[in-house]
**Q** 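Structure in structure tokens, see below.
Just so it is clear: chains get the letters A, B, ... in the order the sequence lines come, proteins before strands, and each one is counted from 1. Values in this document were obtained by computation on a predicted structure and should not be read as measured data.
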Amino acid sequence: MLTTGPRGTKDILPDNSGHWQYVEKIIREVCHNFAYQEIRTPVFEHTELFLRGIGDTTDIVEKEMYTFTDRAKRSITLRPENTASVVRSYLENKLYSGPQPTKLFYIGPMFRYDRPQAGRYRQFHQFGVEAIGAQGPAIDAEVISLAVGFLNKLGLSELKLLINSVGCPNCRPVYRTKLQEFFREKLPHLCSDCQSRYDRNPMRILDCKNETCAEYSQGAPHMLDCLCEECSSHFAGLQELLTAAGIHFMINPRLVRGLDYYTKTAFEIQYSPLGAQSAVCGGGRYDGLIAECGGQPTPGIGFAIGVERVLLALEKQELLPKFTNAIDVFVAPLGTETRAAAFQLLTEMRRAGIAADMDFMNRSLKAQMKYANKYPAKYVALIGEDELAEQKVMLKNMETGSQELMDRSALVPMISEGMEK
RNA sequence: GUGGCUGUGGUGAAGUGGUUAACACGCCGGAUUGUGGCUCCGGUACUCGAGGGUUCGAGACCCUCCAGUCACCCCA
């Protein structure tokens, strides 16, 4: 259908583009406040980047990517998330040669072939942050603090910050084996998804919402009990910092992120009134990713926030500012003879920074007044035959209803002066 | 990928097999001379999501597809 957009896409119409601008403005303010700089990477990358970066057993890679072959037979994928791209750019542009850590943020569209539902689209937008090069827990705390700070600045409450540690290549295999041992005999009772998770990523069994699986995973060993010395102290350090900063959090040992590259810190911020799509922010540390992409081993941490979900939450809590289309002056020409003079006046006002519009529909004066009233327009500048002949303009104040005949040359100074007050 | 619900004008919606498809809002126009917000009047549906079928007759019943929506999965 020519008149229907592709499934799972949404137009941002004049009705709410102002809301997007508002959220983007807050994003930029908060990022500046935290000394993060904007990066803009392409919306498509070599498919290989996501296969390697995100992990080829993840749901995203297995069934949600928009992948196609370009005319030169290269496999290209629309980015399903932005961390891999940022890491690629960091390496390609040698950002590691600048002062460290490299602190970046981005806002932009991501693409996942999912079934659309409330708060979930095939093209959606993420605001995210990546801090590359620092390994201690302090940067973790900063990144989390930024996410929380952003959401708070928008006025959102009822937020839940969940944190966990998913270990590192030293301790995770140990844990993985323990988990597999724990589930070995229970395996036939688990759902089919979990049965396949058993081999590929047993940690995600813990995350299964299936009741039976949840029952069988009761008493499973926790990652937190299996952390190596380093991961353990990192996690403890993070908690200490968050507490010091007055950021409330809950430890959720079952929190597992869906992407393979996460190590140590994993976190999520939930806004439960959103229902099924309550995850507003997800992030974590990815100490192995940069090396995986061919760089020197370099630690990193970041998060992504779903802009549509934030907007839904703001709408729900009625936290969106009201926007107005109000203009200063509406120019109403009467008759075709006066159009040139009207257009000249309009242009003059616009050049002086006055928000102005005029009639383009050849409407009657009455209809023009109605139209001007809908903006609303503060003034209507009327030019009829009489005014045209005398170089005048009839200026009507739409709030008070009073009007006066004035020299056309006096109009711009008069309006400008009024605007400065 | 799986399941539930829905699909009538720009919008919200009546209509539950039988002549010209309610109503409200919006939009456009008008209510004697060049003037808005209130009121009044008028105009605004050549695919009732698409295609097939049942019937003398279908917007209404059946099938298929498509789309929206919600949920599962997963995630932002």
**Q** Reckon A:L334 touches a base, only the sugar-phosphate, or nothing at all at heavy-atom distances under 4.0 Å?
**A**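 Contact class for A:L334: base.
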**Q** Describe the nucleic acid contact of A:A367 in one word from base, sugar-phosphate, nothing, applying a heavy-atom distance below 4.0 Å.
**A**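 Counting heavy atoms under 4.0 Å across all strands, the contact made by A:A367 is with sugar-phosphate only.
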**Q** Mind checking if A:G128 touches a base, just sugar-phosphate, or nothing, with heavy atoms under 4.0 Å?
**A**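 Touches nothing.
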**Q** Counting only distance, no hydrogens or angles, is the base of B:G34 paired donor-acceptor with the side chain of A:E387 under 3.5 Å?
**A**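 It does, because a donor-acceptor pair links the side chain of A:E387 to the base of B:G34 below 3.5 Å.
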**Q** Tell me, please, whether A:Y106 has A:R40 positioned over its six-membered ring: NZ or CZ under 6.0 Å from the ring centre and within 45 degrees of its axis?
**A**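 No - A:R40 does not lie over the ring of A:Y106 by the 6.0 Å and 45° rule.
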**Q** With sugar-phosphate meaning primed atoms plus P, OP1 and OP2, does A:G335 contact a base, only sugar-phosphate, or nothing at under 4.0 Å between heavy atoms?
**A**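 No contact.
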**Q** Once hydrogens and angles are ignored, does a donor-acceptor distance under 3.5 Å link the base of B:U35 to the side chain of A:Q368?
**A**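 It does not, because no donor-acceptor pair links the side chain of A:Q368 to the base of B:U35 below 3.5 Å.
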**Q** Nearest nucleotide by nearest heavy atom, which residue falls closer to the 5' end of RNA chain B, A:R120 or A:G283?
**A**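 It is A:R120, whose closest nucleotide lies nearer the 5' terminus.
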**Q** For A:Y121, report the nucleic acid contact type (base, sugar-phosphate, nothing); a contact means any heavy atom under 4.0 Å.
**A**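 Base: the residue A:Y121, judged by heavy atoms under 4.0 Å, touches a nucleobase.
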**Q** Counting only Watson-Crick or G-U wobble pairs whose two distances fall under 3.5 Å, which nucleotide matches B:A71?
**A**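 Pairing partner: B:U2.
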**Q** What's the CG-P distance between A:N373 and B:C28, to the nearest Å?
**A**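 My rounded result for the distance is 12 Å.
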**Q** May I ask you to test the A:E142-A:F34 pair for a side-chain heavy-atom distance under 4.5 Å?
**A**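 They are in contact (side-chain heavy atoms under 4.5 Å apart), so the answer is yes.
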**Q** Taking atom types as modelled, find out whether A:Y286 and A:E130 have a side-chain donor-acceptor pair closer than 3.5 angstrom.
**A**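 Distance-only check passes for A:Y286 and A:E130.
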**Q** I'd like to check, for A:Y371, whether its ring lies over the base of B:G36 with centroids under 5.5 Å apart and a plane angle smaller than 30°.
**A**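 Ring-base stacking flag not set for A:Y371 and B:G36.
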**Q** Show the nearest heavy-atom pair for residues A:F111 and A:F124, with the distance to one decimal.
**A**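 For A:F111 versus A:F124, the nearest heavy atoms are N-CE2, 4.2 Å.
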**Q** Strictly by Watson-Crick or wobble contacts shorter than 3.5 Å, is anything paired with B:C40, and which nucleotide is it?
**A**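 Its partner is B:G30.
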**Q** Searching all strands shown, indicate the nucleotide that pairs with B:U64 (Watson-Crick or G-U wobble; both distances under 3.5 Å).
**A**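 Across all strands, the one nucleotide that pairs with B:U64 is B:A50.
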**Q** Under a 3.5 Å limit for both distances, which nucleotide forms a Watson-Crick or G-U wobble pair with B:U19, could you say?
**A**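 Because no pair has both required distances under 3.5 Å, B:U19 counts as unpaired.
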**Q** Would you indicate what A:A118 reaches in the nucleic acid, counting non-hydrogen atoms under 4.0 angstrom: base, sugar-phosphate, or nothing?
**A**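 Answer is sugar-phosphate: A:A118 comes under 4.0 Å of backbone atoms only.
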**Q** Can you work out whether A:G306 or A:K10 has the more 5'-proximal nearest nucleotide on RNA chain B?
**A**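 Nearest nucleotide further toward 5': that of A:K10.
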**Q** Going by the side chain to side chain contact (heavy atoms under 4.5 Å, CB included) test, name the single residue among A:L156, A:I144, A:L162, A:V148 that passes it with A:I269.
**A**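 When side chain to side chain contact (heavy atoms under 4.5 Å, CB included) is applied between A:I269 and each of A:L156, A:I144, A:L162, A:V148, only A:V148 qualifies.
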**Q** Which nucleotide, if any, forms a Watson-Crick or G-U wobble pair with B:A24, using both distances under 3.5 Å?
**A**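 Per the H-bond distance test, B:U11.
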